[in-house]
Amino acid sequence: MRLAFLVVAVTLLLVQVVLAAEDYYKSLGLDRSASEKDIKKAYRTLSKKYHPDKNPGNEAAEQKFVEIAEAYDVLSTPTTRKIYDQYGHDGIEQHRQGGSAGGATHDPFDIFSRFFGGGGHFGHAAGHRRGPDMELRVGLPLRDFYRGREVVFGVEKQQICDTCEGSGSADGEVHRCERCGGHGMVIQKHMLAPGMFQQVQMACDACGGKGQRIVKPCPVCSGQKVVRREVETTATVEPGMDRGTRLVFENEADESPDWIAGDLVLILEEKPAELSDASRPDDQRTDGTFFRRRGRDLFWKEALSLREAWMGEWTRNVTHLDGHVVQLGRPRGSVVQPLAVETVKGEGMPFWSAADLHEGVDEDESPGDLYVEYTVILPDEMESGMEKEFFALWEKWRKKNGVDLGRDSGRPVGDVPVHDAKDEL
């Protein structure tokens, strides 16, 4: 029995030594020049990734979760971070032993709870309700849906006060309300008539129904436990994402010590593109303003002169949404009819699918197509000499190779006599 106890004690000691030896910055994947925002962002991502609730039975993930919490606990506070930077783990241990904590570290679930709100666990933990979700709409040009990008946006939300760690008290002490005995409710008696009384249960007016009183309110949150501030968040828009795609950030809505934070939902919307100009970098000067999207396909309108549509021998360079060039053209003698549509295979939107939401569904992973509709621009007027030459040419061609519009249109001719002369082209 004693041997088993010694083995357990030595194992625990070795675990503590390993944790203590691990560089806190390395645990969060940061370097020593990391800002406070970088530290919070790293903890936000890693703590959710390695949380035991998401990795049941995975001891390595659980150990990593503890390690991340320990690193964040030290580096998120300017005082302890400065001590760690100067004196390392020994300095942190001496600081803790000399303080009121008695050398004990914080519970990693408590740190998680302070950061996200709630009971430190995902889902509906016992005794905690879930807060409301938040929705935010972000408008992006079509170019961003094609190429993909990192979107940095600010959202104003309620956060647990860092100064009092959500207690609302400047000295960390919260007292039970003497009037309601900590129940938050009191019974009041109302006289309805002489000798007739009614008892009514109502919220305690001394503590506001909280059952607790704070003698020294926190100067930052004024005893409210939470503050409102703008938080910078980063979202990844993957190439080919659809309009209306919902990006969900778990437990990143309004925080409170009294509930588990809901989800922040980012809804992607397409906004009209701006005209490209010479002041933009080369990789941003595209024809994206004139592309239109339908599902995975793109649509483009190209204008041709009468000569180009009739005679051919022309080229066009269309700068795509990511800057690469799609070349259109016809050889000499090739005619393009007005409103003709050309299909350019594989030049539509990239393939994207929310595979985690539709597992097991077979999908065509090829990119979409680009559909080019041609518009023929006719001249407003012609010079006199040009008009005579064209008229003579058209007359000769009409008599020899003209088309019969009455016959070729498919309309019933009836009793209308058919002229020998052929119709205009």
> Does E373 have any side chain to side chain contact (heavy atoms under 4.5 Å, CB included) partners at least two apart in sequence or in another chain, and if so, which?
Replying inline: K301, L339, V341
> So, do T375 and I377 sit near enough that their side-chain heavy atoms are less than 4.5 Å apart?
Replying inline: yes
> Is there a donor-acceptor pair closer than 3.5 Å between any side-chain N or O of E269 and the backbone N or O of V138?
Replying inline: no
>> Once rounded to the nearest 0.5 Å, what's the spacing between atom CG of L28 and atom NZ of K40?
In response: 13.5 Å
>> Against E250, only a single residue in K54, R44, K49, K48 fulfils salt bridge (Lys or Arg N to Asp or Glu O under 4.0 Å); can you say which?
In response: K54
> Are D85 and Y25 linked by a side-chain donor-acceptor pair shorter than 3.5 Å?
Replying inline: yes
Enumerate donor-acceptor pairs with a distance under 3.5 Å from any side-chain N or O in residues 221-232 to protein atoms, sequence neighbours excluded.
| from | atom 1 | to | atom 2 | distance (Å) |
| --- | --- | --- | --- | --- |
| R228 | NH2 | E156 | O | 3.3 |
| R229 | NH1 | Q159 | OE1 | 3.2 |
| E232 | OE2 | K37 | NZ | 2.7 |

> How would you list all residue pairs meeting side chain to side chain donor-acceptor pair (under 3.5 Å) that involve residues 240-249, not counting sequence neighbours?
Replying inline: E135-R246, D242-R293, R243-E270
>> Looking only at side-chain N and O atoms, does E150 offer a donor or acceptor that is under 3.5 Å from a partner on T234?
In response: no
>> Can you confirm whether the side chains of D23 and Y84 place a donor and an acceptor under 3.5 Å from each other?
In response: yes
> For Q86, what residues pass the side chain to side chain contact (heavy atoms under 4.5 Å, CB included) criterion, not counting sequence neighbours?
Replying inline: K82
> Are K345 and D369 close enough for a salt bridge, meaning some N to O gap below 4.0 Å?
Replying inline: yes
>> For T233, give me all partners under side chain to side chain donor-acceptor pair (under 3.5 Å), at least two apart in sequence or on another chain.
In response: none
>> Looking at D133, is its backbone amide N or carbonyl O close enough to the side chain of D263 to form a donor-acceptor pair, meaning the two atoms are under 3.5 Å apart?
In response: no
> Considering residues at least two apart in sequence or located in another chain, which fulfil the side chain to side chain contact (heavy atoms under 4.5 Å, CB included) criterion with F390?
Replying inline: W310, M382, M386, W394
> Angle class for the F291/H320 ring planes (parallel below 30°, perpendicular above 60°, tilted otherwise)?
Replying inline: parallel
